[in-house]
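This structure is a prediction, so every number in the text was calculated from the model and none was measured. All chains are named by letter (A, B, ...) in the order of the sequence lines, taking the proteins before the strands, and each is independently numbered beginning at 1.
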Number of protein chains: 2
Amino acid sequence: MDFKKIGIIGVGLMGGSLALAIKERFPQVSLWGYARKPSSYRRIKKLAFLDRVSTDLAEVVKNSELVVIATPVFTIIDYFKKISPFLKKGAVVIDLGSTKEKIEKEAKKILPADVYFVGCHPLCGSEKSGANYARRDLYKESLCIITSKNKKPAKFIKKFWEDLGCKVKFLSPQEHDRILSLISHLPHLISFSLTEVVPEDYFRFSLPSFKDLTRISLSKAELWRDIFLSNKKNILLDIDNFINVLKKFRKLIREGKGEELREFIEEINKKHRNLMKDGGCY
Amino acid sequence: MDFKKIGIIGVGLMGGSLALAIKERFPQVSLWGYARKPSSYRRIKKLAFLDRVSTDLAEVVKNSELVVIATPVFTIIDYFKKISPFLKKGAVVIDLGSTKEKIEKEAKKILPADVYFVGCHPLCGSEKSGANYARRDLYKESLCIITSKNKKPAKFIKKFWEDLGCKVKFLSPQEHDRILSLISHLPHLISFSLTEVVPEDYFRFSLPSFKDLTRISLSKAELWRDIFLSNKKNILLDIDNFINVLKKFRKLIREGKGEELREFIEEINKKHRNLMKDGGCY
């Protein structure tokens, strides 16, 4: 990679881990991080992931060949506007947002014509947030989805992720948002809802299964608000489909249809065995 | 413990693990297991957990001071009838069923007046089933709930579980079923429903969060049919309450109420932090 300067906006779990991974793989690059507030400036400085930390956005973006935006979805779109005046001609802008259709659309609308945008979504992360949890191996073996079609820069960014240890898959923004809605957004909404519905004084009886289902209820509110609102069409559809399955269970239980209930669960058991066989993407 | 003979009916994951734990702690006891079918007879024999395996229920139950029934809920109730003619006077019968109100009621109705029944539910297990997965440490550090009030035998059985490494808590069958419906039964129904709603070809994108939420979708159909049907009142109520939370999310997302959505998720984050603080029961 022949980048001399990379600017990272949003040095949290994802951005911080990316900084560590880049520094390990490309030690020659000058890595800049943007800190919006003096408090985060001090915190990021102290963690020493980056060569330079600045509270001046222009300073971070100017002359960067690659600008990475690793914030919640609507904040990403805000930064498209804020960084546009400072972007170097031919620079590549990537984001790590969890929904892609809205971001791709706004990038096209807002970013200058002489820069390249490549939408990325590395399928990794944690229910924990903040640079304190950053790990240099967060991206290793994970799947990164690229949703942009501009051939040369997308191919280049594919190589960038592969150099950091990711597998890369191209999907359209629409396909991405459809799949992620079911695989990630609905599960988070379910976990939040389960935590909400259980009285707090029952928690002391919680079993491994309950803990597994509610682990991601810790996931950051601002991040998930933006994901739900920017993938509204899909998540509303999936909530409805999910409620329909719950209602099917409800009906079988209420009517005491033991045989049908057993058959229904057996089909689900079988489907789940196929999930385990595939092993997922990581 | 001064038992000379213990009979186990249902040598699967729970019954098999109990056999291993008893054998380790009380090697002097003569441990008998009942195998309903010749195929399970051969399988259980081969695993060599027990001193004697028999396909003759009378032989297993006769002279046993303790009879353990470790099968799905409605099968437990069937065994109350089947074992009654063979039970020794003063014998203690326990079950490991996941719902307790129905079982306690039927035990009182069916079992002879000169034996003692103590309803037990050790809060451990796995999505895997069968004696092949039995482990001698399954019960260690786990919480066992006792739902019977007959003082002397319940106290005696409390000591039995404690000797095997469990913590013990007494709850009424009603309290037990109310709590478990939310902490265990609803989460299983949610996991089944999520696996059902996701198209199989999306599984290759599955993330750790999705895997965590669907892990228990492998749980045995017959077992869970019985749990849902024997805890009908509670689970129907909890499905409704859960759907209401999903609908609250749905409304906030549909109407684009970003601020309320963030606040709602933040409250849930906070509640979840308390769950982690308590550390659950294990």
Side-chain angles (χ1 to χ4, degrees), chain A residues 123 179 182-184 187-198 200 202-207 209-218 221-222 224-225 228-229 232 235-236 238-239 241-243 245-246 249-250 253-254 256 258 261-262 265-266 268-269 271-275 278 280-281, chain B residues 123 179 182-184 187-198 200 202-207 209-218 221-222 224-225 228-229 232 235-236 238-239 241-243 245-246 249-250 253-254 256 258 261-262 265-266 268-269 271-275 278 280-281:
Chain A
L123 300 189
I179 294 170
L182 275 162
I183 286 290
S184 170
H188 277 79
L189 197 141
I190 288 171
S191 180
F192 290 139
S193 302
L194 179 60
T195 297
E196 170 66 13
V197 91
V198 174
E200 220 164 298
Y202 288 12
F203 282 178
R204 67 205 153 99
F205 296 100
S206 70
L207 292 156
S209 55
F210 181 75
K211 295 211 168 189
D212 272 2
L213 264 80
T214 53
R215 177 179 60 81
I216 51 175
S217 289
L218 195 62
E222 194 194 353
W224 283 92
R225 174 199 60 193
F228 294 145
L229 292 182
K232 192 188 275 200
I235 193 71
L236 290 181
D238 294 334
I239 293 172
N241 289 336
F242 180 68
I243 288 177
V245 181
L246 292 175
F249 267 115
R250 197 191 186 293
I253 294 167
R254 190 171 51 83
L261 192 54
R262 190 185 56 74
I265 301 174
E266 263 172 13
I268 293 168
N269 290 160
K271 197 172 170 187
H272 181 75
R273 257 177 236 119
N274 291 337
L275 161 66
D278 284 357
C281 68
Chain B
L123 300 189
I179 294 170
L182 275 162
I183 285 290
S184 169
H188 278 79
L189 196 140
I190 288 171
S191 179
F192 291 140
S193 301
L194 179 60
T195 297
E196 170 66 13
V197 90
V198 174
E200 221 164 298
Y202 287 12
F203 282 178
R204 66 204 153 101
F205 296 99
S206 70
L207 292 156
S209 55
F210 181 76
K211 294 210 169 187
D212 273 1
L213 264 79
T214 53
R215 177 179 60 83
I216 50 175
S217 289
L218 196 63
E222 194 193 352
W224 283 93
R225 176 200 59 194
F228 294 144
L229 291 182
K232 190 188 276 200
I235 192 71
L236 291 180
D238 293 333
I239 294 172
N241 288 336
F242 180 66
I243 288 178
V245 181
L246 293 174
F249 266 114
R250 198 193 185 291
I253 295 167
R254 190 171 52 83
L261 192 53
R262 190 184 55 75
I265 301 174
E266 262 173 13
I268 292 166
N269 289 161
K271 196 172 171 187
H272 181 74
R273 256 177 237 120
N274 291 337
L275 161 66
D278 285 357
C281 68

- prompt: Minimum heavy-atom separation for B/Asn269 to A/Ala221, with atom names?
  reply: OD1-N, 3.6 Å
Leading residue by heavy atom contact count with chain A [cutoff under 4.5 Å; candidates B/Leu194, B/Leu229, B/Ile253]: B/Ile253
task: Please round to the nearest 0.5 Å and tell me the distance separating atom CZ of A/Arg250 and atom NZ of B/Lys232.
output: 10.5 Å
query: Relative to chain A, which of B/Leu218, B/Ile243, B/Leu261 shows the most heavy atom pairs under 4.5 Å?
result: B/Leu218
task: For residues A/Gly258 and B/Arg225, report the shortest heavy-atom separation together with the two atoms involved.
output: O-CD, 2.9 Å
B/Phe242 CZ to A/Ile190 CD1 distance, which is reported to the nearest 0.5 Å: 5.5 Å
query: Under a 4.5 Å heavy-atom cut-off, does chain A meet the side chain of B/Leu189, its backbone, both or neither?
result: both
query: With respect to chain A, which residue among B/Ile235, B/Val198, B/Ile239, B/Leu236 yields the maximal number of heavy-atom pairs within a distance under 4.5 Å?
result: B/Leu236
task: Rounded to the nearest 0.5 Å, what's the gap from OG1 on B/Thr195 to CD1 on A/Ile268? Could you check?
output: 7.0 Å
field: Heavy-atom pair of closest approach, residues B/His188 and A/Ser209
entry: CE1-OG, 3.9 Å
Point-to-point distance, once rounded to the nearest 0.5 Å, from CD1 of B/Ile183 to OH of A/Tyr202: 9.0 Å
query: How many angstroms lie between OG in A/Ser193 and CG in B/Asn241, if you round to the nearest 0.5 Å?
result: 12.0 Å
field: Closest heavy-atom pair and its distance - B/Ser184, A/Leu207
entry: CB-CD1, 3.8 Å
Side chains of B/Ile216 and A/Asp212 in contact at under 4.5 Å (non-hydrogen atoms): no
message: Could you check whether any side-chain heavy atom of A/Val197 comes within less than 4.5 Å of a side-chain heavy atom of B/Asp238, counting everything from C-beta outward?
response: no
field: Under 3.5 Å donor-acceptor, B/Lys271 side chain and A/Ser217 backbone
entry: no
- prompt: Which value, rounded to the nearest 0.5 Å, describes the distance between A/Glu196 atom CD and B/Leu246 atom CG?
  reply: 11.0 Å
- line: If one checks every heavy atom of A/Leu182 against chain B at 4.5 Å, the contacting part turns out to be both
